[in-house]
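In this text, all values refer to a predicted model and were calculated from it rather than measured experimentally. Counting from 1, the numbers follow the sequence of the chain as shown.
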Amino acid sequence: MSAILIKNAKIVNEGRILDGDIYIENDIIKEVDTSISLKSSNVEVIDADGKYVLPGIIDDQVHFREPGLTHKGDIESESRAAIAGGITSFIEMPNTNPQTTTVKKLDEKFAIADNKAFANYSFMFGGTNDNLDEILKVDKKTVAGLKLFLGSSTGNMLVDNPEVLEKIFSSTDMVISVHCEDEATIRSNIKIYTDKYGDDIPIKYHPIIRSEEACYISSSKAIELAKKTGARLHVFHLSTGKETHLFSNKLPLKDKKITSEVCIHHLWFSDVDYDKKGTRIKWNPAVKTSKDRDELWKALLDDRIDVIATDHAPHTNEEKNNPYTKAPSGGPLVQHALVAMLEAYHSGKISVEKIVQKMCHNPAILFQIEKRGYIKAGYFADLVIVDLNNPWTVKKDNILYKCGWSPFEGTTFKSRVTQTILNGQLVYNQSKVSTKKAGRRLTFNR
């Protein structure tokens, strides 16, 4: 038996902060109380005096690039970085090479993660214009959900046949997560700018090419189709204020049929940052105006937006340094997502309790993840301990991503992840990641 007793913590859970202790036995939280006495001399004690203990973060959207794109990142390297950032569970996307669009390829990806993942894991199954038969074979108890690209992004998995789309929406009760950008609008916009600049379009035009209109047209169509078919729809990475008005806070999350997510980069950056950051902040959908950012924050805080995620998507420096049309979209974020949100706490934008709701509780509710996302007796012991007053600066030598860079390089964060516990094992401690791969497959209450 292994056991850990966390003492003197500020425990953040279900909208409250409790001064108390947490007792862990093997992989399970056994007790949470104001004071817990030492059970035996074999218990490892962690003194968390002055620190906050949060449930392990659940990131519902990452691209870890394996198989086929492992020069950018892989399940081992990126999940290791995630653990250092307090992310204990991830849901990985299907636009790898080959794509995760058959049950066989899904099983192969699970086999890779079984051997390599430092964090808990599941995958999205990819929908295409011609794989409905494969979608219907997927066991919804073993996979997080279905991912559809309604606008092209890395991997060219665009679903653009309206009849197929309606069949997919009508045929599954899995959560359908969508990337929403209207392809016709984007193609029209890109032609205008390539005619003027060729491949070397100034990066400041990225949010004009991948415009508010492109996002809104696609999101509103997806929502209309979900309402028509009764599908369970989750709209990934909102980037515009206009889109936030498509969503409601009138129902509790467990009863919502249509939900949404915002990503760290859309809450942090705005179009004024392109001059300094260049293609380092080129994402799809694009980072847009400060007004859009303000509207996203407003919708997050009033519960029209349900989840905060990363859309972690690494590319090499060499790839990012290409001219606009050849520089890929995406960037690495899992190591710095939690501390970025805690920076927003320090500036008075959001409470720690709300961060936990959006990054821990709500992903667990939305995807019906079994016994994770909360600090409760009987739940798996996935926990992150943070010191809110321990500043550090992001530098090359402390970045764990395989790609070796971060859009936050040079940023000083006030908060620091000091320990991460995964399935009852101390896997990250004072800047050191354990060699133990303690990650497990996520399971679902469906």
For the pair Lys395 and Asp397, find out whether any cationic side-chain nitrogen is under 4.0 Å from an anionic carboxylate oxygen. no
Option from Lys298, Lys256, Lys354 for which salt bridge (Lys or Arg N to Asp or Glu O under 4.0 Å) with Asp303 holds: Lys354
If you look at every heavy atom in Ala340 and Ile264, which pair is closest and at what distance? CB-CG2, 4.1 Å
Could you check whether any side-chain heavy atom of Asp306 comes within less than 4.5 Å of a side-chain heavy atom of Ile365, counting everything from C-beta outward? no
Side chains of Ile201 and Ile190: does their closest heavy-atom pair fall under 4.5 Å? yes
Identify whether NZ of Lys or CZ of Arg in Arg372 sits under 6.0 Å from the centre of the six-membered ring of Phe380 and within 45° of that ring's axis. yes
Point-to-point distance, once rounded to the nearest 0.5 Å, from CG of Asn189 to CD of Glu213: 7.5 Å
How about Gln61 and Ser177: do any of their side-chain heavy atoms sit closer than 4.5 Å? no
Do Thr289 and Ser270 have side-chain atoms, one donor and one acceptor, less than 3.5 Å apart? no
By the definition side-chain contact (heavy atoms from CB on, under 4.5 Å), identify the one residue from Ile22, Ile24, Ile36 that meets it with Glu31. Ile36
Side chain of Arg232, backbone of Lys257: donor and acceptor closer than 3.5 Å? yes
Phe125 CZ to Gln99 CD distance, which is reported to the nearest 0.5 Å: 11.0 Å
What I want to find out is whether Glu409 reaches Lys396 closely enough, with some N-O distance under 4.0 Å, to be called a salt bridge. yes
Under 3.5 Å, is there a donor-acceptor pair between the side chain of Lys402 and the main chain of Thr70? yes
How about CD on Glu318, more than 12 heavy atoms from neighbouring residues, nucleotides or ligands closer than 6.0 Å, or not? no
Verify whether one side chain among Asp387 and Thr418 offers a donor that lies under 3.5 Å from an acceptor in the other. no
Under 3.5 Å, which donor-acceptor pairs do the side chains of residues 233-240 form with other protein atoms, sequence neighbours left out?
| residue | atom | partner | partner atom | Å |
| --- | --- | --- | --- | --- |
| His234 | ND1 | Thr259 | OG1 | 2.8 |
| His234 | NE2 | Asp60 | OD2 | 3.0 |
| His237 | NE2 | His179 | ND1 | 3.2 |
| Ser239 | OG | Lys288 | NZ | 2.7 |
| Thr240 | OG1 | Glu243 | N | 3.1 |
| Thr240 | OG1 | Glu243 | OE1 | 2.8 |

Using atom types as modelled and distance alone, determine if a side-chain donor or acceptor of Lys437 lies under 3.5 Å from a backbone N or O of Glu76. no
Determine yes or no for a side-chain-to-main-chain donor-acceptor pair under 3.5 angstrom, with Asn390 supplying the side chain and Ser415 the backbone. no
Determine whether His63 and Asn95 make a side-chain contact, defined as any pair of heavy atoms from C-beta on separated by less than 4.5 Å. yes
Sidechain-backbone polar pair: Lys320 side chain, Lys282 backbone, donor-acceptor under 3.5 Å: yes
Would you indicate whether the side-chain heavy atoms of Asp114 and Tyr121 approach each other to under 4.5 Å? yes
Indicate the ring-plane relationship of Phe90 and Phe64, choosing parallel, tilted or perpendicular according to the 30° and 60° boundaries. tilted
Ignoring hydrogens and angles, tell me if any N or O in the side chain of Gln425 forms a donor-acceptor pair with the backbone of Ser2 under 3.5 Å. no
Minimum side-chain heavy-atom gap Tyr379-Val32 below 4.5 Å: no
Between Asp74 and Arg65, is the closest basic N to carboxylate O distance under 4.0 Å? no
Are any of the side-chain nitrogens in Glu353 or Arg16 under 4.0 Å away from the carboxylate oxygens of its partner? no
Hey, are the side chains of Trp268 and Asp273 touching, using non-hydrogen atoms and a 4.5 Å cut-off? no
Heavy-atom count check: over 12 atoms from other residues, nucleotides or ligands less than 6.0 Å from Lys326 NZ? no
Got a second to check how far Leu383's CG is from Gln419's CD, nearest 0.5 Å? 11.0 Å
Return yes if some donor-acceptor pair links the side-chain N/O of Glu66 with the main-chain N/O of Ile75 below 3.5 Å, else return no. yes
Residue pair Tyr216 / His245, side-chain donor-acceptor N/O under 3.5 Å: no
Those residues at least two apart in sequence (or on a different chain) that pass salt bridge (charged side-chain N to carboxylate O under 4.0 Å, His left out) with Asp311 are none
Backbone N/O of Gly73 and side chain of Ser77: donor-acceptor pair under 3.5 Å: no
Residues, nucleotides or ligands: over 12 heavy atoms within 6.0 Å of Lys116 NZ: yes
Do any N or O atoms from the side chain of Ser219 and from the backbone of Cys180 form a donor-acceptor pair under 3.5 angstrom? no
For Gly331, does its backbone N or O pair with a side-chain atom of Trp405 as donor and acceptor, under 3.5 Å? no
Does a salt bridge link Lys7 with Asp47, judged by any charged N lying under 4.0 Å from a carboxylate O? no
Roughly how far, to the nearest 0.5 Å, is the CG atom of Leu400 from the NE2 atom of His336? 7.5 Å
